[in-house]
Amino acid sequence: MVEDSEESLFDAPPMGEQERMVEAILFASAEPVKLAELQARMPHGADPAEALVYLKKRYEGRGVNLVKVGDAYAFRTAADLGFLMRRETVEVRKLSRAAIETLAIVAYHQPVTRAEIEEIRGVAVSRGTIDQLMELEWIRLGRRRMTPGRPVTFVVTEQFLDHFGLESARDLPGLKELRAAGLLDSRPLPGQGAASDEEDEALVGQSELFED
Amino acid sequence: MVEDSEESLFDAPPMGEQERMVEAILFASAEPVKLAELQARMPHGADPAEALVYLKKRYEGRGVNLVKVGDAYAFRTAADLGFLMRRETVEVRKLSRAAIETLAIVAYHQPVTRAEIEEIRGVAVSRGTIDQLMELEWIRLGRRRMTPGRPVTFVVTEQFLDHFGLESARDLPGLKELRAAGLLDSRPLPGQGAASDEEDEALVGQSELFED
Amino acid sequence: MADEAWDQPERIPPEERLAAEALIVDVDGFEGPLDLLLTLSRTQKVDLRKISVLQLAEQYLGFVEKARSLRIELAADYLVMAAWLAFLKSRLLLPPEPGDEGPSAEDLAAHLAFQLERLQAMRDAAARLMGRDQLGRDFFARGVPEDLTHHRNVTYTATLLDLMRAYAQIRTKDEFRPFVLDREHVYTMEQALDRMRGLIGFVGDWATLVSFLPDGWDVTPMARRSSLAAHFAAVLEMAKRGQVVLRQGETFAPIELRRKDG
């Protein structure tokens with residue numbers, strides 16, 4: 001796994017030590033830590049990816065679990081113990097129905113343009129809704145759509161995944177069923193252009209999303 | 001250990017569960033948690049003291065340890081892994097104008113007193129500037145001047161010569177040579193527009209103020 | 001009263017009617033026509049895939065008509081949808097004309113059904129999403145994150161050229177000291193104008209310009225030149241505005257001025 005081990009002048013620490021290091025780094029951070037960052041902080045030749053496998057196993061069923069968020073890792077308390085944490089609970093601003101629906105649409109249809117959100121909801125998206133979701137850092141701008149006008153698209157963020165305990169956007173509940181039922185297709189009104197291309201694009205987008 | 005177990009209407013959770021609970025609470029809490037607080041937050045009949053003993057053992061030799069802080073408990077990074085919590089970055093910065101001027105004066109006029117430097121530069125020399133140059137080991141104290149007050153003098157060091165690729169300070173080109181080399185041209189120096197030059201002039205004293 | 005006013009065809013069962021009435025009262029509660037259609041479609045009590053778009057269109061049009069009769073103002077998009085549904089309804093009822101271009105009524109109806117199903121699916125997905133364990137509510141992050149301490153090792157650098165340039169600049173500072181106006185000895189035209197505006201009211205008869213110069217501004221030649229120039233420019237400006245009259249007997253003779261009457 002350690003491709004550059006022959007180049008290394010020093011031996012990497014034993015795996016047990018590497019596991020301790022990853023444990024310490026992840027424990028110290030409230031935010032998920034990317035694999036690349038772990039690699040950068042650990043001694044040369046270390047293989048945090050492997051250490052993470054051991055560490056994940058070690059914390060299985062514990063009060064604190066190792067979770068994957070996008071391409072980052074974090075320790076989170078086990079969800080079944082939430083009742084003990086009333087003191088730590090942070091009051092989240094109640095989201096409007098429009099905001100919740102918009103969030104779901106971005107998550108399931110990403111990358112999605114504002115026009116597409118509006119088409120799905122059948123109503124204009126107010127500026128405040130998008131702003132609120134951006135402020136929560138649950139959605140962000142994706143890459144522009146290569147269609148006339150080059151509209152901006154929205155995608156969900158790593159914070160979104162972290163907040164809802166998702167490893168990736170592909171793990172959204174019911175995503176497969178919705179896709180199989182064709183409900184994630186962008187299907188324009190009959191007689192208004194082809195849909196198949198766009199559908200492909202939406203699928204590609206979803207998998208590309210968390211690459212960077 | 002569980003003194004009030006006979007009073008309890010419900011069975012306390014198994015010790016393994018209690019351990020998980022303590023683990024989650026200590027992990028999520030912003031401050032070390034006292035035993036009484038653990039007791040209050042855990043289900044009736046729980047024995048956090050015992051759970052803590054197991055938990056402490058479980059984290060022995062791990063990347064994080066369970067430690068007692070006063071009469072409270074917390075997780076802390078293992079002492080030997082503290083180095084992972086620091087990130088060392090080397091940043092190369094340009095020497096400030098005040099420093100480079102002071103350095104130049106020392107180099108050309110050594111041994112030179114602080115008062116002489118100030119006279120040549122036309123502004124006061126801040127302590128920080130001298131300290132910085134001393135720290136860089138580019139200047140050092142020379143012998144005291146045999147004048148009233150016996151002021152200290154500054155001279156450049158071997159490291160200075162080394163850094164600037166000089167055999168001795170006498171190798172520094174004189175004014176005439178500087179002029180011949182075009183260095184005394186009144187045209188603005190590359191990277192130093194005429195306008196900014198003017199500003200600098202007025203701000204020399206000020207820029208020194210903000211140096212340290 | 002609302003009951004009597006509600007004149008829908010017989011086949012609408014009472015509970016459905018009640019639901020429809022609730023809709024009327026709560027028209028503000030809908031997020032657009034699609035939301036309204038979705039709510040109306042529930043009264044059909046069938047899978048959205050089997051929905052009768054024709055019936056739905058009638059329900060919607062009935063709703064709009066009702067709202068109008070109650071003088072409830074509907075937003076434009078509700079009316080646009082009504083117009084479209086009326087068009088769709090007629091297309092669904094009438095046989096297609098030969099040589100008809102564009103999508104069939106069935107395609108349009110199917111698309112509407114798809115839109116409703118998709119909206120419902122997104123609503124369900126949103127509900128499921130919000131029903132998930134959430135960070136800060138059900139599971140928690142580290143309470144005391146230990147911040148990375150950033151150790152910045154700063155090294156400074158300078159080149160020999162920097163050093164020589166710096167020195168050259170210090171040693172020849174006087175040679176190319178940038179030209180800076182000596183503000184202390186400059187009297188600006190604005191100052192002069194302000195000053196003259198105050199004074200001119202008192203000048204009924206001819207007075208020389210020089211007599212207007214401020215005290216202390218004739219001490220040094222430079223201050224005198226500056227204040228004289230400023231005042232000269234100021235009175236020219238005032239003459240242009242018709243506030244003063246100027247005269248000069250001959251070249252280099254004293255310039256005189258007086259207030260312009262009228």
Side-chain angles (χ1 to χ4, degrees), chain A residues 10 12-31 33-34 36-44 46 48 51-52 54-67 73-90 162 165, chain B residues 10 12-34 36-44 46 48 51-52 54-67 72-90:
Chain A
F10 308 98
M15 192 40 72
E17 271 308 291
Q18 294 191 31
E19 208 192 305
R20 288 182 73 229
M21 291 176 183
V22 173
E23 189 178 29
I25 293 172
L26 294 190
F27 235 82
S29 172
E31 307 293 321
V33 181
K34 288 196 196 289
E37 160 104 32
L38 285 171
Q39 186 92 60
R41 285 171 66 182
M42 287 166 68
H44 194 70
L52 279 162
Y54 292 117
L55 200 60
K56 188 175 170 58
K57 201 159 282 166
R58 185 182 291 274
Y59 277 89
E60 248 159 42
R62 306 287 323 144
V64 174
N65 305 139
L66 178 59
V67 299
Y73 297 84
F75 277 119
R76 296 287 180 252
T77 63
D80 66 312
L81 298 177
F83 71 97
L84 292 169
M85 311 295 170
R86 263 156 305 163
R87 272 172 43 121
E88 273 72 37
T89 305
V90 278
D162 193 18
Chain B
F10 308 99
M15 191 43 70
E17 272 306 292
Q18 294 191 31
E19 212 193 303
R20 289 181 74 228
M21 292 176 181
V22 173
E23 189 178 30
I25 293 172
L26 294 189
F27 174 86
S29 178
E31 282 146 38
V33 185
K34 292 190 183 168
E37 160 104 33
L38 284 171
Q39 185 88 62
R41 287 170 70 174
M42 285 165 69
H44 197 70
L52 278 164
Y54 289 117
L55 200 61
K56 190 175 167 59
K57 198 160 283 163
R58 187 182 289 273
Y59 277 91
E60 246 160 42
R62 306 291 320 148
V64 278
N65 304 139
L66 178 57
V67 298
Y73 298 85
F75 282 118
R76 290 280 181 265
T77 310
D80 65 315
L81 297 179
F83 72 94
L84 290 170
M85 305 301 137
R86 273 194 307 269
R87 194 167 12 190
E88 308 271 339
T89 48
V90 176

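These figures come from a predicted structure and were not determined experimentally. A note on names: the letters A, B, ... follow the listed sequences, proteins ahead of strands, and every chain is numbered from 1.
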Can you tell me which portion of [X] sits under 4.5 Å from chain B's heavy atoms? Options are side chain, backbone, both or neither.
X: A:Ile25; value: both
X: A:Phe83; value: side chain
X: A:Asn65; value: neither
X: A:Leu26; value: neither

Checking B:Gln18 against chain A: side chain, backbone, both or neither under 4.5 Å from a heavy atom? neither
Look up atom CZ in A:Arg76 and atom CG in A:Leu81, then write down how far apart they are to the nearest 0.5 Å. 15.0 Å
Measure the OG1-CG distance between A:Thr77 and A:Leu84 for me, rounded to the nearest 0.5 Å. 9.0 Å
Could you tell me if the ring centre of B:Phe75 sits under 6.0 Å from that of B:Phe27? no
Worked check of side-chain contact (heavy atoms from CB on, under 4.5 Å) between B:Leu52 and B:Tyr73: CA-CA 9 Å; B:Leu52 278 164; B:Tyr73 298 85; 3.6 Å; yes
Highest number of heavy-atom pairs under 4.5 Å with chain A: which of B:Met21, B:Arg58, B:Met42, B:Glu19? B:Arg58
Should the pair A:Glu60-A:Lys57 be classified as a salt bridge under the 4.0 Å nitrogen-to-oxygen rule? no
Top contributor to chain B interface from A:Ala30, A:Gly16, A:Ala24 [non-hydrogen pairs under 4.5 Å]: A:Ala24
Side chains of A:Tyr59 and A:Glu23: donor-acceptor distance under 3.5 Å anywhere? yes
